[in-house]
Q: 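Encoded as structure tokens, here's the structure I'll be asking about.
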Amino acid sequence: MDLLSGEADGAAPAVVQVLLPVALDKTYSYLAPPDLRLVPGSIVTVPLGTRKLIGAVWAFGDPAGVPLKKLKPVLGVHDAPALGDPLRTLVDWVARYTLTPRGMVLRMVLRVPEALAPEPAVPGVRRAGPAPERLTDARRRVLARLEDGFAWTRTGLAAAAGTSPGVVDGLVTAGTLEVVALPPGPPVHPPDPDFNARALTPDQVRAADELRRAAGEGFSVTLLEGVTGAGKTDVYLEAVAEALRRGRQVLILVPEIALTRAFLERFSERFGANPAEWHSDVPPKQRMRVWRGVAEGRVPVVVGARSALFLPFADLGVIVVDEEHDAAYKQEEHATYHARDMAVVRGRLEEAAVVLSSATPSLETRANVERGRYRRLVLPARATGAALPEIALIDMRRAGPEKGRFLAPGLIAAVRRTVEKGEQALLFLNRRGFAPLTLCRACGHRFQCDNCSTWLVDHRFRGTLSCHHCGHTVRRPESCPACGALDSLVACGPGVERIAEEAAAVFPDKRIIVLSSDMLGGIQRLRAELQVIAEGGCDIVIGTQIVAKGHTFPKLTLVGVVDADLGLSHGDPRAAERTFQLLVQVTGRAGRLGGEGMSPGFGILQTFAPEHPVMAALVSRDPERFYATEMEERRAASMPPFGRLAAVIVSGTDRPATEDHARALARAAPMAEGIEVLGPADAPLALVRGRHRLRLLVQSGRESDLSAYLRAWLAAAPPARGSLAVQVDVDPQSFL
DNA sequence: AGCACGCCGACT
DNA sequence: GTCGGCGTGCTC
């Protein structure tokens, strides 16, 4: 795209196209006062209706020919670097791909209003006049500190002179000192690429060499694959080091804020300084510094959640996507995009090297490797002793527990052997609370959420029934609200609390800790419990997904998965992949001390489907086997990555109106070769936070441009009115 | 997105 | 009589 096309000639007033961070796809035309030096990407303030908004200059001229009298002038330019070509192209690209108005994508770039005001200069003081008449001791010490001629901060100077800031203020009043603006400090200490280069294994060295080369060669995508503990981080930090040596910036995406802590330590060990952080919990002042620092090229490395993808890097050389398979990279709110894929797009636009790191890569990424689009580097396990754990299955149909119990005798025996050796066992169940469903034995009443189509989960520790979707909570009643029967309520199915109860009954003298995200006492309590576990003050850990990543359990040697089939049952195209990834991750928490360093521990999976490819792959400790069969399945079903899937989601407060609109939309779907629209008849109607939701699934056997199809469809479809809303997800990660 | 302008129900 | 609900439409 030629951004300079249609530049105003000679006498005609200069007009610029400005993109605004509102739900508009179009740019608006504004008069450009000649004294403002505008360039493409300039961040400007303009009037819109009654409001003043911050937007960005997207182009010059006025191809649409808006009548001159309608045009208002640009009010001012911000003292911040203009958004670069690659970032502006990224905004256009993401908007087009996700069918989101460009303004809403720009919003993700400009979501830092504080950053756009010039950073308030730190007030400093320096010597400006003669010594005061009354020269006290404290005053003498202050003046002595200023002999060097530099300006000091008020508080810094007072502290250095061993006195209070009041003394400094007094000298300012006396005219001895003056207040001056100090230049803002650098937002982060620069990392040193050669600070603490680790000794790498020969395999790591080979991989690191490849990545270093990639970091110097413009755009490429490399999958870095290796089991937990194989040293992927050490390897990709060498690509980071290379980018730093070349003076280019680095973005490291991590799936969750909670995981950044451990990573930051790792980083500062290697580079002697912390990277800048970017996620929703970074306080406003620091956000401002990071945003500006990134734009001005003064921040060399950012570690952040998916929103960091839209930071205005001045010269981005390397993008790392850590745990690239993680579902947290899919953004569902506002614009729906997949940060891993958009990172690849940004890498292409910025001429950067993209590194995708994972022990269990997504099928999308593996398919791109097979097609020759991405390179693949495998870190073999043998180098560090890391490998997949030994896995055994318990066939719950033959060797399961008695009715009403959830731990099979085989699993109990294994836990007993483990704890009696003084080691720890983990019982993993990805379900919070005591039981996922409560029903009345007398009348069959099931406790359901008022706002959502979900069961209320029994939280016995708290004495409540809660919806995990919207948070709706009621006290656990004594009698059935439908038939009034007393003592007729039964809990169906297990949650971690119930497993804890069962484990306590089986192992009355063992120390048991339950870890889940809804734990009473919050994050501090969680940290404390983790500390207890690390110190060996616990025999059996019972946990949800929260134990699957991040934390390390040094004394853990056995992982028992209470329900390995959980998550396989939905008609989700990625169910098998997700389950495989989760089970590899959680069983990988087990290790065994001995020889040189850790070696893998044991995993026991309770399953009703021992012949399922996921279980078979885990038992054989051969992930390639899983990838091969799953690839074939997906290919046969034309599911991603061999076909495209999209969802048109209709939601509304009125159920019949929502269904009607979904039907009307489905009727309006154009016929197209190889594209099929499913629903609304086959699509379940869900109630989510008080709104009815229906999905129309759009499936394409080929990798055709579904976006174009969807655009054409929705342009011709009846418009949504009232509370009805239509949302498009061009790459849904589940059917739910 | 946000804001004004609009047209219908209960009240300082 | 107004205050205020949120449905509709526009913003250079």
Side-chain angles (χ1 to χ4, degrees), chain A residues 3-8 12-36 38-78 83 88 91-92 94-96 98-116 280 307 310 331-337 649-658 660-661 664 689-692 714-715 717-729:
Chain A
L3 292 167
L4 295 172
S5 68
E7 186 160 13
V15 175
V16 287
Q17 297 297 306
V18 176
L19 186 62
L20 293 161
V22 297
L24 282 168
D25 196 58
K26 288 197 313 176
T27 54
Y28 275 10
S29 301
Y30 288 89
L31 297 170
D35 55 317
L36 296 181
L38 299 180
V39 297
S42 288
I43 297 172
V44 292
T45 303
V46 293
L48 182 74
T50 55
R51 297 180 287 168
K52 281 182 190 170
L53 292 177
I54 294 175
V57 172
W58 228 241
F60 287 106
D62 182 16
V66 180
L68 263 178
K69 63 176 174 22
K70 277 189 85 171
L71 300 190
K72 295 176 183 176
V74 173
L75 298 176
V77 199
H78 286 265
L83 304 182
R88 275 179 290 124
V91 169
D92 290 337
V94 170
R96 200 175 158 71
T98 60
L99 288 92
T100 309
R102 285 140 93 207
M104 293 311 285
V105 181
L106 178 68
R107 197 163 217 270
M108 301 195 281
V109 177
L110 298 179
R111 211 155 16 175
V112 196
E114 316 91 0
L116 299 167
S280 54
S307 59
F310 291 96
Q331 168 128 58
E332 307 269 26
E333 261 114 49
H334 310 296
T336 61
Y337 64 95
I649 303 151
V650 186
S651 71
T653 48
D654 181 64
R655 182 175 166 158
T658 308
D660 280 351
H661 196 253
R689 275 175 247 106
R691 291 179 69 85
H692 298 277
L714 296 176
R721 352 195 93 258
S723 77
L724 283 173
V726 175
Q727 187 195 340
V728 182
D729 189 343

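A note on names: the letters A, B, ... follow the listed sequences, proteins ahead of strands, and every chain is numbered from 1.
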Q: A:Gln17 and A:Pro63: which non-hydrogen atoms are nearest, and at how many Å?
A: NE2-CD, 4.1 Å
Q: To the nearest angstrom, how far is A:Arg102 atom CZ from C:dC12 atom P?
A: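 After rounding, the gap between these two atoms is 17 Å.
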Q: Take the protein atom NZ of A:Lys69 and the nucleotide atom C1' of C:dC12, then report the distance between them rounded to whole Å.
A: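 The distance from NZ of A:Lys69 to C1' of C:dC12 comes to 12 Å, rounded to the nearest Å.
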Q: Measure the distance from CG on A:Leu19 to P on B:dA1 and round it to the nearest whole Å.
A: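 Atom CG in A:Leu19 sits about 15 Å away from atom P in B:dA1.
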Q: Can you tell me if A:Arg88 uses its side chain to pair, donor with acceptor, with the backbone of A:Leu83 under 3.5 Å?
A: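 Yes, A:Arg88 side chain to A:Leu83 backbone: donor-acceptor pair under 3.5 Å.
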Q: Return the value, rounded to whole Å, for the distance between atom CG of A:Leu724 and atom P of C:dG7.
A: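 The answer, rounded to whole Å, is 12 Å.
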Q: For A:Ile54 and B:dA1, what is the distance between atoms CD1 and C1' respectively, to the nearest whole Å?
A: 15 Å
Q: Please tell me if A:Arg107 has a side-chain N or O lying less than 4.0 Å from either OP1 or OP2 of B:dG2.
A: yes
Q: Reckon A:Ser29 touches a base, only the sugar-phosphate, or nothing at all at heavy-atom distances under 4.0 Å?
A: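 Touches a base.
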Q: Rounding to an integer number of Å, can you tell me how far A:Met108 CE sits from B:dA1 P?
A: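 Going from A:Met108 (CE) to B:dA1 (P), I get 13 Å.
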Q: List in chain and number order the residues that pass side-chain hydrogen bond (donor to acceptor under 3.5 Å, both in side chains) with A:Arg691, two or more places apart in sequence or in another chain; answer none if no residue qualifies.
A: A:Ser651
Q: Starting at CG of A:Leu38 and ending at P of C:dC12, how long is that distance when rounded to a whole Å?
A: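 Spelled out: CG on A:Leu38 to P on C:dC12 is 18 Å.
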Q: Taking N or O atoms only and anything under 3.5 Å, show me the protein contacts with nucleotides 9-11 of chain C, one pair per line.
A:
| from | atom 1 | to | atom 2 | distance (Å) |
| --- | --- | --- | --- | --- |
| C:dT11 | O3' | A:Gly49 | N | 3.1 |

Q: Quickly, which of A:Thr45, A:Val57, A:Val15, A:Val16 forms a side chain to side chain contact (heavy atoms under 4.5 Å, CB included) with A:Val74? Name it, please.
A: A:Val16
Q: Run the side-chain hydrogen bond (donor to acceptor under 3.5 Å, both in side chains) test against A:Thr336 and tell me which residues pass, sequence neighbours left out.
A: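 Counting only residues at least two positions away or on another chain, A:Thr336 forms no side-chain hydrogen bond (donor to acceptor under 3.5 Å, both in side chains).
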Q: What is the distance from atom NZ of A:Lys70 to atom OG of A:Ser29, rounded to the nearest 0.5 Å?
A: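 Rounded to the nearest 0.5 Å, the NZ-OG separation comes out at 10.0 Å.
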